[in-house]
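In what follows, a structure is listed as structure tokens, so that the remarks can point back to it.
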Amino acid sequence: MAHHEHEIVRLSASALAEQLAAGEVTSVEATQAHLDRIGSVDGEVHAFLHTNAELSLRTAVEIDARRAAGESLHALAGVPIAIKDVIVTNDMPTTSGSKILEGWLPPYDATVMKKLRAAGLVPIGKTNMDEFAMGSSTEHSAYGPTHNPWDLERIPGGSGGGSAAAVAAFEAPLALGSDTGGSIRQPAHVTGTVGVKPTYGGVSRYGAIALASSLDQIGPVSRTVLDSALLHDIIGGHDPLDSTSLTDEWPSFADAVRRADVKGLKIGVIRELDGEGFQPGVLERFREALDLLAANGAEITEVSLPSLEYAISAYYLIMPAEASSNLAKFDSVRFGLRVNPPGGGTVEDVMSATREAGFGPEAKRRIILGTYALSAGYYDAYYGSAQKVRTLVQRDFAAAFAGVDVLVSPTAPTTAFKLGANDGDPMAMYLNDIATIPANLAGIPGISLPVGLAKEDGLPVGIQFLAPAREDARLYTVGGALERLLEDTWGHTLISQAPDLAPGEMAAAEEGAV
Amino acid sequence: MAKAKLMDYDKALELFEPVLGFEVHVELSTKTKMFSSAPNYFGGEPNTNITPTCLGLPGSLPVVNGEAVRYSISLGLALGCQIAPSSRFARKNYFYPDLAKNYQISQFDEPIAFGGSVDVELPDGRTFTVPIERAHMEEDAGKLTHVGGSTGRIQGAEYSLVDYNRAGVPLVEIVTDIIYGAEKDAPELAKAYVATIRDIVVALGISDAKMERGNLRCDANISLRPRTAPGEPPAKLGTRTETKNVNSLRSVERAIRYEIQRQAQILADGGTITQETRHWHEDTGTTSAGRPKSDADDYRYFPEPDLLPVVPSPELIEELRAALPEPPAARRRRLKQEWGFTDLEFQDVQNAGLLVEVSETVAAGASPQAARKWWSGEISRIANARSAEASSLVAPADVASLVALIDSGALNDRLARQVLEGVIDGGGSPQEVVDARGLAVVSDDGPLIAAIDEALAAQPDVLAKIKDGKVQAAGAVIGAVMKAMKGQADAARVRELVLERAAAE
């Protein structure tokens with residue numbers, strides 16, 4: 001049994017789906033295997049804030065029964081999936097990593113949850129994150145940090161470190177993330193996994209607890225490009241409950257992966273994100289990947305997006321400005337934490353005491369920044385100017401995409417840093433998102449996939465491709481192609497090189513295999 | 001609260017020019033709320049007509065109600081405004097427990113309608129053109145009930161209850177430009193302006209427009225500026241106050257008059273006006289200080305990122321323009337002619353703000369004169385006595401039924417007044433009140449004849465006079481009979497019968 005479970009959790013979602021369809025494994029077995037894995041490794045990784053074995057198994061039982069009854073099910077039916085705690089679920093508490101929502105059970109499901117449930121996926125738990133998705137390390141979670149499965153002393157990225165770590169540690173084959181400035185892609189980069197930020201409006205935001213409404217986007221997290229595509233196919237599409245969701249008919253992203261080919265593909269290397277401030281081992285793996293693409297027929301050119309220099313400054317005005325307004329609803333009146341000041345007080349006193357106790361330092365920092373940026377007399381200089389930069393960034397991308405099919409850069413400047421390394425230096429933390437933020441400002445899609453380990457520290461490195469808005473399919477085509485080329489070169493997947501977190505289990509598995 | 005000293009009104013007008021401005025909020029009668037699919041209905045059990053969006057639950061998002069946009073465009077057009085080819089929602093950020101998200105979705109620098117004007121008729125028949133700066137869409141807040149204080153206000157309350165049924169009800173806020181030149185008619189203009197807005201939204205069918213229910217709310221801004229000698233430049237504008245909670249046409253007029261007198265006295269005494277909101281108190285006819293309001297109130301407006309700009313097609317705008325109802329002023333001229341009212345009769349009805357009621361009563365079958373008589377007469381009298389709005393007391397259809405009962409002879413005027421009171425006090429329709437209280441005129445001759453015979457027997461001298469042909473003597477008997485019948489008899493029929501019975505003796 002241990003052997004069997006060990007194999008199940010190592011399967012990609014698409015491989016597991018095939019075994020489920022073929023009757024080689026049941027959803028109950030698959031779900032139990034992942035629950036067991038969580039039980040054995042999550043004490044160290046801390047990817048999950050909440051699991052409910054009974055609830056997950058009940059869903060799995062139902063899927064197995066429907067399959068046994070001959071019902072035609074979605075390809076991923078019965079596959080477990082981890083959910084970033086920023087997404088509201090009507091059967092699991094939702095905290096967005098904050099004390100102010102501790103224990104809150106939403107009375108409704110996010111649109112993506114409805115879609116997952118309709119497709120028969122098995123939600124297996126809620127994953128850890130920086131409070132309200134504010135951070136690049138998951139250290140700002142009110143519930144303690146998540147640890148990188150490659151090196152437990154290191155950060156798993158953020159804000160979606162829980163989802164990335166859960167997938168990297170084989171606790172789930174799939175996860176949902178949300179990406180406001182890189183919160184899906186940067187964790188993928190530091191954990192050797194795949195993460196996609198769809199085109200803004202490609203996936204409904206209804207039920208995603210807003211950080212910055214004009215930047216937030218839900219997307220897939222997985223170990224393979226195909227798995228992300230399969231998940232994206234389920235969660236994407238128009239939602240009448242989200243006015244900013246696009247009404248486009250989307251092509252199958254899984255098909256885009258399957259026809260993966262880079263011959264004749266024009267790839268532009270972003271000059272501003274290739275050099276200064278980037279770790280040598282990151283750049284080395286990045287250039288090797290470009291060489292591999294070129295050797296297989298891609299046309300690599302260099303392009304310049306001069307306004308990217310200002311992107312991070314603009315982002316750190318727009319994001320906190322919107323966040324300061326979005327977080328105003330946490331006032332103790334209708335839901336969540338309520339702190340009564342000693343001796344009682346007015347409703348204002350209660351709101352104030354609640355927010356003082358309920359928000360962590362990073363949330364407070366951004367609320368103050370954003371409130372300031374929107375204040376009368378400062379609006380034009382800060383929020384107004386930032387929006388102008390945003391327009392310039394969008395124009396730079398439009399100009400660049402006139403000459404190339406996709407743009408490329410390393411996903412982040414460094415590999416995973418040590419937990420606590422950037423304590424007390426928020427600027428250093430913010431700079432980690434330098435390569436991922438521009439896509440959010442421009443509303444364009446991006447993917448990060450692993451391209452190897454950095455020579456100096458043996459930690460994963462990711463590459464990021466960006467495509468014009470609505471052209472998410474290009475990311476899956478080039479991502480799927482590069483993944484195959486790399487794995488052909490290596491003779492294995494990168495994630496298979498991750499240290500095993502439960503050596504006892506491994507030993508038992510190997511004995512069983514004899 | 002110390003009673004404010006008031007300057008004599010005419011004296012105030014000699015010294016100062018009143019400068020006005022109005023913000024009128026109109027609740028739209030759409031089926032669902034401004035940004036959610038919750039029913040647009042806020043009576044009933046608190047916190048039942050709500051969705052996650054009305055409560056501002058984490059993760060919830062707004063979606064613009066297309067019907068509300070169409071209503072707003074129609075209203076903008078009826079106010080003579082231009083309709084913006086593209087307008088945007090913005091967040092107005094402030095903390096208050098009736099505001100679920102702690103920001104209100106409103107429109108700020110890009111309203112849907114702007115730059116219009118409305119012709120308002122003053123009581124003397126003059127037309128005054130009120131300039132309209134803008135009309136914009138926004139959402140209503142929830143309703144707070146403060147418990148434990150003596151005033152029902154938040155000050156002194158022990159706790160407060162919040163009903164979010166009203167949260168997200170669609171509103172259009174109509175903002176005038178600064179209004180100069182109203183002079184001594186400022187109070188009447190204020191009332192006539194709000195009445196005109198009411199007539200417009202009723203004609204458009206986009207609001208229930210009941211002021212007493214808060215469907216139509218007026219914030220009245222007023223400042224005074226000192227008069228200068230001819231040839232001198234005008235003085236600069238005075239500090240304004242914004243009087244809120246003015247929820248009847250009559251109160252709008254009274255509140256403006258009061259504020260003119262109050263401000264004039266303060267200024268004449270060398271004092272200064274504080275820029276603040278003021279609360280109107282219907283019972284005392286006074287205003288009291290609310291919160292200080294400065295032009296620098298910082299709501300940190302920014303474009304609402306959860307919503308796309310509103311971009312109505314030119315075709316839609318033209319379609320709505322073509323469907324606009326007759327403007328109220330034209331409609332008034334037409335009704336006056338159709339009803340055959342004298343100038344005085346028509347102005348009475350109009351100044352009392354009863355055009356809609358009379359019109360609906362006529363539509364329900366009553367004659368114009370009967371409708372006018374009841375609305376301007378008895379119903380207005382009761383409304384005055386109860387400090388209520390006539391329109392809130394009784395439905396036009398019930399007035400028409402009452403008139404029909406009179407016309408059929410089932411009620412006389414005196415009984416009809418009793419029936420009306422019964423209807424107003426919640427006794428149901430006029431017929432139901434008649435049935436429940438047995439108020440109908442006794443039309444069965446039997447009881448009448450018995451009463452007449454008894455009266456004639458009691459007054460043999462009168463009987464003798466009648467028999468002698470002195471018909472006017474019958475009055476004494478008729479009086480006795482009516483008294484015996486407790487008024488529930490048709491006096492004309494009684495007279496007929498008295499003469500008949502006397503002749504037969």
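Just the heavy atoms: all of them, side chains too, but no hydrogens, waters or symmetry mates, feed the values below. Here is the naming used below: chain letters follow the sequence lines, and residue numbers restart at 1 for every chain.
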### CG on A:Leu241 to CG on B:Leu61, rounded to 0.5 Å
8.0 Å
### Task
Determine whether the aromatic ring centres of A:Tyr379 and B:Phe302 lie less than 6.0 Å apart.
no
### Query
Which of the residues A:Glu348, A:Met351, A:Gln387 is involved in the greatest number of heavy-atom pairs with chain B at under 4.5 angstrom?
A:Met351
### Minimum heavy-atom distance A:Phe330-B:Pro58, with the two atoms named
CE2-CG, 3.7 Å
### Residue part contacting chain B, namely of A:Ala208, when any heavy atom lies under 4.5 Å
backbone
### Message
Less than 4.5 Å apart, side chain to side chain, heavy atoms only: is that true for A:Asp331 and B:Pro97?
### Response
no
### Message
Distance check, rounded to the nearest 0.5 Å: A:Ser324 atom OG versus B:Asn102 atom CG?
### Response
12.0 Å
### Query
So do the side chains of B:Phe95 and A:Ser352 get within less than 4.5 Å of each other, counting heavy atoms only?
no
### Query
Which atoms of B:Tyr159 come close to chain A, meaning under 4.5 Å heavy atom to heavy atom: side chain ones, backbone ones, both, or neither?
neither
### Query
Ignoring hydrogens and geometry, is there a side-chain-to-backbone donor-acceptor pair from A:Arg334 to B:Leu57 under 3.5 Å?
no
#### Entry: Which of A:Val88, A:Asp242, A:Leu215 touches chain B most, by non-hydrogen pairs under 4.5 Å
A:Asp242
### Query
So what's closer than 4.5 Å to chain B heavy atoms on A:Tyr378: side chain, backbone, both or neither?
neither
### Task
Using a 4.5 Å cut-off on heavy atoms from C-beta on, say whether the side chain of B:Phe35 contacts that of A:Ser243.
no
### Message
Counting heavy-atom pairs closer than 4.5 Å to chain B, which one of A:Val333, A:Thr371, A:Val86, A:Asp216 comes out on top?
### Response
A:Thr371
#### Entry: Reference residue A:Ser325; test side chain to side chain contact (heavy atoms under 4.5 Å, CB included); the match among B:Arg91, B:Lys92, B:Arg300, B:Glu304
B:Arg91
### Query
Is A:Asn326 close to B:Lys101 at the side-chain level, that is, under 4.5 Å between some pair of heavy atoms?
no
### Task
Heavy atoms only: give me the nearest A:Tyr108-B:Ser60 pair and the separation to one decimal.
OH-N, 2.9 Å
#### Entry: Pick from B:Leu307, B:Leu55, B:Thr51 with the largest number of heavy-atom pairs that fall under 4.5 Å of chain A
B:Leu55
### Query
Considering residues, nucleotides and ligands other than A:Lys99, do more than 12 of their heavy atoms fall under 6.0 Å from its NZ?
yes
### Message
Could you check whether any side-chain heavy atom of A:Leu374 comes within less than 4.5 Å of a side-chain heavy atom of B:Tyr299, counting everything from C-beta outward?
### Response
no
### Other residues, nucleotides, ligands: >12 heavy atoms within 6.0 Å of A:Lys364 NZ
yes
#### Entry: Heavy-atom pair of closest approach, residues A:Pro240 and B:Val63
O-CG2, 3.4 Å
### Summary
For A:Tyr200 and B:Pro305, the nearest pair of non-hydrogen atoms, with its separation, is OH-O, 4.2 Å
### Task
Tell me, for B:Asn93 versus chain A, whether the close heavy atoms (under 4.5 Å) come from the side chain, the backbone, both or neither.
side chain
